[in-house]
Amino acid sequence: MARIFIDGEAGTTGLGIRQRIEALPASYGLEILSIDPTLRKDIAARRSMLEQADIAILCLPDDAARETVALAEGLDVRILDASTAHRIADGWVYGFPEMDAEQAAAIKGARFVANPGCYPTGAIALMRPLVRAGLLPADHPVSINAVSGYSGAGRVAIEEHEKNGGPAFFLYGLNLKHKHLPEIRHYSGLTRQPLFVPSVGHFPQGMIVSIPLHLKDLPGQPSGAELEAVLQDAYAGCAHVRVVPAETRLEADTLANTDDMELRVHHNGEQVVLTARLDNLGKGASGAAIQNLLLMLGL
């Protein structure tokens with residue numbers, strides 16, 4: 001029996017994680033520990049839950065996540081943090097199992113695992129293999145465009161969309177300092193800050209991350225087929241990440257309610273658009289957390 005405490009289980013990500021755990025086979029032997037909602041900010045009560053748990057999953061704002069990690073000092077509990085707080089912090093393993101051949105093993109043995117962000121999952125998946133292969137220079141001026149379902153914008157935005165329809169589409173993060181930029185740059189292997197423009201559409205779940213490139217500006221002027229071959233090799237045999245044929249039209253919510261991600265290389269001989277399609281609440285959040293949880297438990 002493994003005891004799991006979801007600190008922040010009432011939020012969108014926390015609810016998704018709880019539902020996924022409850023849907024797992026009983027033979028996995030997972031028990032969810034729940035704190036009294038009236039005590040969710042009580043330090044002594046939270047410390048007590050951490051003392052009882054084998055793994056704590058943090059679905060909290062960054063400062064609250066750091067507070068919980070401090071509360072766990074001296075305890076045997078392992079921590080899976082879904083916030084932004086520890087994604088590039090020393091001593092933490094990045095929870096993207098498909099990122100490298102050895103990443104799943106690192107997650108399995110780690111005490112501290114940082115669940116990736118939704119946008120970074122797509123961007124890193126597309127760029128890291130190309131940077132490592134030398135096809136995309138680390139200092140290349142990269143632009144990343146992305147659209148997400150409104151479920152990733154928090155409870156207030158969800159209620160507004162579901163009650164009043166919400167805006168059809170909007171750009172945000174236009175101060176060009178989005179909180180996902182540090183992990184995108186760090187794990188993609190980029191030495192130059194990418195230009196990242198996220199957006200939200202009027203649909204609940206789903207995401208497309210797209211990266212345009214001019215082939216003549218890349219070393220050796222590779223073909224689109226060569227870029228695709230590198231990605232195919234990087235994710236061969238992966239259960240949740242697939243490189244699939246390019247299409248002339250992509251809808252963002254096709255993979256809603258799944259934990260999968262599709263990567264594509266769209267090209268015309270001179271230009272390329274790399275795309276990653278996933279569910280912002282699946283492979284981009286709760287689904288990724290369950291994948292990491294099962295690895296940490298040896299399941």
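Listed here is the closest heavy atom pair of Leu263 and Ala276: CD2-CB, 3.6 Å. Closest approach of Gly206 to Asp279, counting heavy atoms only: N-OD1, 3.7 Å. Nearest approach of Phe96 to Ala125, heavy atoms of both residues: CZ-CB, 3.9 Å. Across Ser210 and Val273, no two heavy atoms sit closer than the pair CB-CG1, 4.0 Å. Nearest heavy-atom pair across Phe196 and Leu176 is O-CD2, 4.2 Å. Nearest heavy-atom pair across Gly117 and Tyr94 is N-OH, 4.1 Å.
The line from NZ of Lys179 to CD1 of Ile184 is 12.0 Å long, rounded to the nearest 0.5 Å. Atoms CG and CG, on Leu250 and Asp253 in that order, are 11.5 Å from each other to the nearest 0.5 Å. Atom OG1 of Thr121 sits about 10.5 Å away from atom CE of Met99, to the nearest 0.5 Å. Distance CZ/Arg277 to CG/Asp260: 11.0 Å, rounded to 0.5 Å. Leu293 CG to Leu299 CG: the interatomic distance, rounded to the nearest 0.5 Å, is 8.0 Å. Within the model, atoms CZ of Arg87 and NE2 of His186 stand 13.0 Å from one another, a figure rounded to the nearest 0.5 Å.
The local environment of CG in Asp36 is crowded, with over 12 non-hydrogen atoms from other residues, nucleotides or ligands closer than 6.0 Å. Within 6.0 Å of atom CG in Asn175, more than 12 heavy atoms from other residues, nucleotides or ligands are found, so the atom counts as buried in its surroundings.
Scanning for side-chain contact (heavy atoms from CB on, under 4.5 Å) contacts around Glu22 gives Arg18, Ile32, with sequence neighbours left out. In this structure, the side chain to side chain donor-acceptor pair (under 3.5 Å) partners of Thr275, at least two apart in sequence or on a different chain, are His266. Remark: Glu247 pairs with Arg264 by the salt bridge (charged side-chain N to carboxylate O under 4.0 Å, His left out) rule, at least two apart or across chains. Scored by the side-chain contact (heavy atoms from CB on, under 4.5 Å) test, Gln232 finds Glu228, Val243 as partners (sequence neighbours excluded). Qualifying salt bridge (charged side-chain N to carboxylate O under 4.0 Å, His left out) partners for Asp63, counting only residues two or more places apart in sequence or in other chains: Arg66.
The hydrophobic clustering, which links ILVMFWY residues whose side-chain heavy atoms are closer than 4.5 Å, places Val230 and Leu190 together. Cluster annotation: Met127 is connected to Met207 through the hydrophobic network of ILVMFWY side chains, with a link wherever side-chain heavy atoms come within less than 4.5 Å. Note on Leu297: it clusters hydrophobically with Ile107, by side-chain heavy-atom contacts below 4.5 Å among ILVMFWY residues. In the hydrophobic clustering of ILVMFWY residues, with side-chain heavy atoms under 4.5 Å counting as a link, Tyr235 and Leu278 come out together. Residues Leu126 and Leu227 share a single hydrophobic cluster, defined by chaining ILVMFWY side chains whose heavy atoms lie under 4.5 Å apart.
Between Arg20 and Asp259 there is a salt bridge, since a side-chain N of the basic residue sits under 4.0 Å from a carboxylate O of the acidic one. A salt bridge links Glu262 with Arg242: the distance from a Lys NZ or Arg NE/NH1/NH2 to an Asp or Glu carboxylate oxygen falls below 4.0 Å.
Between the side chain of Asn115 and the backbone N or O of Ala285 there is at least one donor-acceptor pair closer than 3.5 Å. Remark: the backbone N or O of Ala288 is paired with a side-chain donor or acceptor of Asn292 at under 3.5 angstrom. With hydrogens and angles disregarded, a donor-acceptor distance shorter than 3.5 Å links the side chain of Asp62 to the backbone of Thr84. A donor-acceptor pair under 3.5 Å links the side-chain atoms of Arg78 to the main chain of Ala110, judged by distance alone. Not one N or O on the side chain of Gln19 forms a donor-acceptor pair closer than 3.5 Å with the backbone of Gly16. Distance alone, capped at 3.5 Å, places no donor-acceptor pair between the His161 side chain and the His202 backbone. Using modelled atom types, one side-chain atom of Ser286 and one backbone atom of Thr13 make a donor-acceptor pair closer than 3.5 Å.
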Verdict with reasoning, Arg128 to Asp100, per side chain to side chain contact (heavy atoms under 4.5 Å, CB included): CA-CA 9 Å; Arg128 184 181 175 93; Asp100 287 319; 2.5 Å; yes

Intermediate values then yes/no, side chain to side chain contact (heavy atoms under 4.5 Å, CB included), Ile4 and Ile17: CA-CA 11 Å; Ile4 313 301; Ile17 290 171; over 6 Å; no

Gln221 and Leu215: CA distance, side-chain angles, deciding distance, side chain to side chain contact (heavy atoms under 4.5 Å, CB included) verdict: CA-CA 5 Å; Gln221 300 186 9; Leu215 292 171; 5.6 Å; no

Side chain to side chain contact (heavy atoms under 4.5 Å, CB included) evaluation trace for Glu270 with Lys216: CA-CA 7 Å; Glu270 297 182 356; Lys216 66 180 180 62; over 6 Å; no

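Side-chain contact, Gln291 with Glu98: a donor N or O sits under 3.5 Å from an acceptor N or O.
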Please output the side-chain donor-acceptor pairs of residues 140-152 that fall under 3.5 Å, not counting sequence neighbours, one pair per line with the distance.
residue, atom, partner, partner atom, Å
Ser151, OG, Pro204, O, 2.5
Ser151, OG, Asn280, ND2, 3.1

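For the pair Leu24/Leu294, a side-chain contact is recorded, criterion being any heavy-atom separation below 4.5 Å from C-beta on. Side-chain contact between Leu130 and Leu274 is present, with heavy atoms from C-beta onward closer than 4.5 Å. Taking the side chain as every heavy atom from C-beta outward, Ile88 and Arg185 never approach each other to under 4.5 Å. Side-chain contact between Leu50 and Phe5 is present, with heavy atoms from C-beta onward closer than 4.5 Å. Residues Glu51 and Asp76 fail the side-chain proximity criterion, which asks for heavy atoms closer than 4.5 Å. Contact annotation: the side chain of Ser34 approaches that of Glu9 to within less than 4.5 Å [non-hydrogen atoms, C-beta and beyond]. Side-chain contact between Ile21 and Ile6: present, with at least one pair of heavy atoms (C-beta onward) separated by less than 4.5 Å. For the pair Tyr119 and His178, the minimum side-chain heavy-atom distance is below 4.5 Å.
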